[in-house]
Undergrad: 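My questions will all concern the structure given below.
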Amino acid sequence: QVQVVESGGELVQAGASLRLSCAASGRTGSVYAMGWFRQAPGKEREFVARIDWSGGNPVYADSVKGRFTISRDNAKSTFYLQMNSLRPEDTAIYYCAADRTPTHYTYYAARNSGSYDYWGQGTQVTVSS
């Protein structure tokens, strides 16, 4: 089993920056990649970003390119989502997830929530106008 815990969500003003953290524990030796997803009320869960367990090959949704950065702490099994220039449409519950399958690097698979095996509880990000 892999445990995933997100933190860092807050209420912020439009244009602000926020950094989310994702701590992974348990059998992390089986994890190939970590991803961030978000879900707004009444909307489907959408892909935000993905990164290899090692910290390489970051990919982003078009909606966040240039504003968000995914990274990992080299000393710990902790991943981050640095969010800059936040907009009201970024308001959502943000989830961190672990992918144990090494072949999910196609455009579709990397962005599909079904590719991920373990999920955190979510952390609320609210961006006021």
Undergrad: According to side-chain hydrogen bond (donor to acceptor under 3.5 Å, both in side chains), does anything in residues 3-17 pair up with another residue at least two apart or in another chain? List the pairs.
TA: Glu6-Gln121, Gln13-Ser128, Ser17-Asn84
Undergrad: Which disulfide bond (SG atoms under 2.5 Å apart) pairs, counting each pair once, include a residue from residues 45-108, with sequence neighbours left out?
TA: Cys22-Cys96
Undergrad: To the nearest 0.5 angstrom, please state how far the OG1 atom of Thr91 sits from the CD atom of Gln124.
TA: 7.0 Å
Undergrad: Would you say Val4 ends up clustered with Val31 if hydrophobic residues are merged whenever their side chains have heavy atoms under 4.5 Å apart, either directly or through other cluster members?
TA: yes
Undergrad: I need the full list of ring pair (Phe, Tyr, Trp, His ring centres under 6.0 Å) pairs touching residues 90-109, with sequence neighbours left out, sorted by first then second residue.
TA: none
Undergrad: Can you list every disulfide bond (SG atoms under 2.5 Å apart) pair that touches residues 30-64, not counting sequence neighbours?
TA: none
Undergrad: Which distance, rounded to the nearest 0.5 Å, do you find between the CD1 of Ile51 and the CE of Met34?
TA: 10.5 Å
Undergrad: List in chain and number order the residues that pass side chain to side chain contact (heavy atoms under 4.5 Å, CB included) with Ala40, two or more places apart in sequence or in another chain; answer none if no residue qualifies.
TA: Lys43, Ala92
Undergrad: Determine, stepwise, if the pair Val125 / Val127 fulfils side chain to side chain contact (heavy atoms under 4.5 Å, CB included).
TA: CA-CA 7 Å; Val125 173; Val127 184; 4.2 Å; yes
Undergrad: Can you see whether Arg100 engages Ser30 through a side-chain donor-acceptor pair at a distance of less than 3.5 angstrom?
TA: yes
Undergrad: Going by side-chain heavy atoms closer than 4.5 Å, which hydrophobic residues are tied to Val5, directly or by a chain of links?
TA: none
Undergrad: Hydrophobic clusters here meaning ILVMFWY residues chained together by side-chain heavy-atom distances under 4.5 Å, can you tell me if Trp36 and Leu18 are in one?
TA: yes
Undergrad: Is there any disulfide bond (SG atoms under 2.5 Å apart) pair reaching into residues 97-129, and which pairs are they, with sequence neighbours excluded?
TA: none
Undergrad: Residues two or more places apart in sequence or in another chain: which of them pass ring pair (Phe, Tyr, Trp, His ring centres under 6.0 Å) with Tyr116?
TA: Phe37
Undergrad: Starting from Leu11, walk the hydrophobic network (Ile, Leu, Val, Met, Phe, Trp, Tyr; side-chain heavy atoms closer than 4.5 Å) and list everyone else you reach, by chain and number.
TA: none
Undergrad: Not counting sequence neighbours, which residues clear side chain to side chain contact (heavy atoms under 4.5 Å, CB included) with Pro102? List them please.
TA: Tyr32
Undergrad: Report yes if the side chains of Thr123 and Leu20 come closer than 4.5 Å at any heavy-atom pair, otherwise no.
TA: yes
Undergrad: Just how far is it from atom CD of Gln39 to atom CD of Glu44, taken to the nearest 0.5 Å?
TA: 8.5 Å
Undergrad: Can you tell me if Ser115 uses its side chain to pair, donor with acceptor, with the backbone of Ala109 under 3.5 Å?
TA: yes
Undergrad: For Ile70 and Pro58, which heavy atoms make the closest approach, and how far apart are they?
TA: CG2-CB, 3.8 Å
Undergrad: Take Arg38 and Asp90 through the test side chain to side chain contact (heavy atoms under 4.5 Å, CB included) and record every step on the way to the result.
TA: CA-CA 9 Å; Arg38 66 187 183 186; Asp90 294 318; 2.8 Å; yes
Undergrad: Going from NZ on Lys76 to OG on Ser25, what distance comes out if it is rounded to the nearest 0.5 angstrom?
TA: 12.5 Å
Undergrad: Sequence neighbours left out, what pairs pass ring pair (Phe, Tyr, Trp, His ring centres under 6.0 Å) with at least one residue falling in residues 57-90?
TA: Trp53-Phe79
Undergrad: Could you go step by step and tell me if Leu86 and Val12 meet the side chain to side chain contact (heavy atoms under 4.5 Å, CB included) rule?
TA: CA-CA 8 Å; Leu86 283 164; Val12 299; 3.8 Å; yes
Undergrad: What I'd like to find out is whether the side chain of Arg111 reaches to under 4.5 Å of the side chain of Glu46, using heavy atoms alone.
TA: no
Undergrad: Judged by atom type as modelled, is there a donor-acceptor pair below 3.5 Å linking the side chain of Asn112 to the main-chain atoms of Gly114?
TA: yes
Undergrad: With disulfide bond (SG atoms under 2.5 Å apart) as the rule and sequence neighbours excluded, what pairs involving residues 46-95 come up?
TA: none
Undergrad: Do Val59 and Leu81 land in one hydrophobic cluster if side-chain heavy atoms of ILVMFWY residues count as linked below 4.5 Å?
TA: no
